[in-house]
Amino acid sequence: QVQLVESGGGLVQPGGSLRLSCAVSGSIIFSAYAMAWYRQAPGKQRELVAEISSGGSTNHVDSVKGRFTISRDNAKNTVYLQMNSLKPEDTAVYYCKVPSFNNWGQGTQVTVSS
């Protein structure tokens, strides 16, 4: 069992920035696991946004590449998603995920609108 608590979402204007955080706890040695961020817009499938390996290697989908950055702080058991140059199409509920576990956090809402 792993517990995931996302935070940092909110309402932001196009071109603005947000930093999402995900605090991880439970039966997990955080530093040993890959982490990922997903998002789900209303009426759409949940999609992978970015992932980071236990060694710190990252991957970002093309739609966010160059704007979003996934990172982790193993001392704080926390994974981050820095989101810059936000666009209206980034509006979604954002979730963090430990790929090796089945459960999700509650998500955090990101709304990009003028």
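Hydrophobic clustering (side-chain heavy atoms under 4.5 Å, transitive across Ile, Leu, Val, Met, Phe, Trp, Tyr) groups Val112 together with Val49. Phe68 and Tyr80 sit in two unconnected hydrophobic clusters of ILVMFWY residues. Membership requires side-chain heavy atoms under 4.5 Å apart, directly or through other members. There is a path of hydrophobic side-chain contacts, each under 4.5 Å, that joins Leu81 to Ile52.
The list of disulfide bond (SG atoms under 2.5 Å apart) pairs with a residue in residues 35-68, not counting sequence neighbours, is empty. Applying the disulfide bond (SG atoms under 2.5 Å apart) rule to pairs touching residues 25-76 yields nothing, sequence neighbours excluded. Legend: disulfide bond (SG atoms under 2.5 Å apart) pairs involving residues 20-110, not counting sequence neighbours, sorted by first then second residue: Cys22-Cys96. Evaluation of the ring-ring contact (aromatic ring centres under 6.0 Å, His included) test over residues 23-50, restricted to residues two or more places apart or in two chains, returns Tyr33-Phe101, Tyr38-Trp104. Sorted by first then second residue, the salt bridge (charged side-chain N to carboxylate O under 4.0 Å, His left out) pairs that include residues 85-102, not counting sequence neighbours, are Arg39-Asp90, Arg67-Asp90.
Counting only heavy atoms from C-beta outward, the side chains of Thr91 and Gln109 approach each other to under 4.5 Å. Using a 4.5 Å heavy-atom threshold, the side chains of Pro14 and Pro88 count as touching. For the pair Met35 and Val24, the minimum side-chain heavy-atom distance is below 4.5 Å. Using a 4.5 Å heavy-atom cutoff, the side chains of Tyr94 and Met83 are in contact. You'll find the side chain of Thr108 stays beyond 4.5 Å of the side chain of Val93, heavy atoms only. Residues Asn103 and Val2 have side chains in contact (heavy-atom distance under 4.5 Å, counting atoms from C-beta outward).
For the atom pair CG (Asn77) and OG (Ser31), the distance works out to 8.0 Å, reported to the nearest 0.5 Å. Put simply, CD1 on Ile70 and CD on Gln82 are 12.5 Å apart, with the number rounded to the nearest 0.5 Å. Note that CG of Leu86 and OG of Ser113 are 12.0 Å apart. Values are rounded to the nearest 0.5 Å. Remark: Ser25 OG to Gln3 CD distance equals 4.5 Å, nearest 0.5 Å. The CG atom of Asn102 lies 9.5 Å from the CD atom of Gln1; values are rounded to the nearest 0.5 Å. Distance OH/Tyr95 to CD/Gln40: 5.5 Å, rounded to 0.5 Å.
With sequence neighbours excluded, the residues forming a side chain to side chain contact (heavy atoms under 4.5 Å, CB included) with Ala41 are Lys44, Ala92, listed by chain and number.
Counting heavy atoms of neighbouring residues, nucleotides and ligands inside a 6.0 Å radius, atom NZ of Lys65 exceeds 12 of them.
In plain terms, the two heavy atoms of Ala36 and Leu48 that are nearest each other are CB-CD1, 3.9 Å. Of all heavy-atom pairs spanning Pro99 and Ala34, the tightest one is CD-O, 3.2 Å. Listed here is the closest heavy atom pair of Val79 and Ser71: CG2-O, 3.1 Å. In this structure, Ala50 and His60 approach most closely via the heavy-atom pair CB-CD2, 3.5 Å.
Listed for the Glu6 side chain is a donor-acceptor partner under 3.5 Å among the backbone atoms of Gln106.
No hydrogens or angles considered: nothing links the side chains of Asp73 and Thr78 as a donor-acceptor pair under 3.5 Å.
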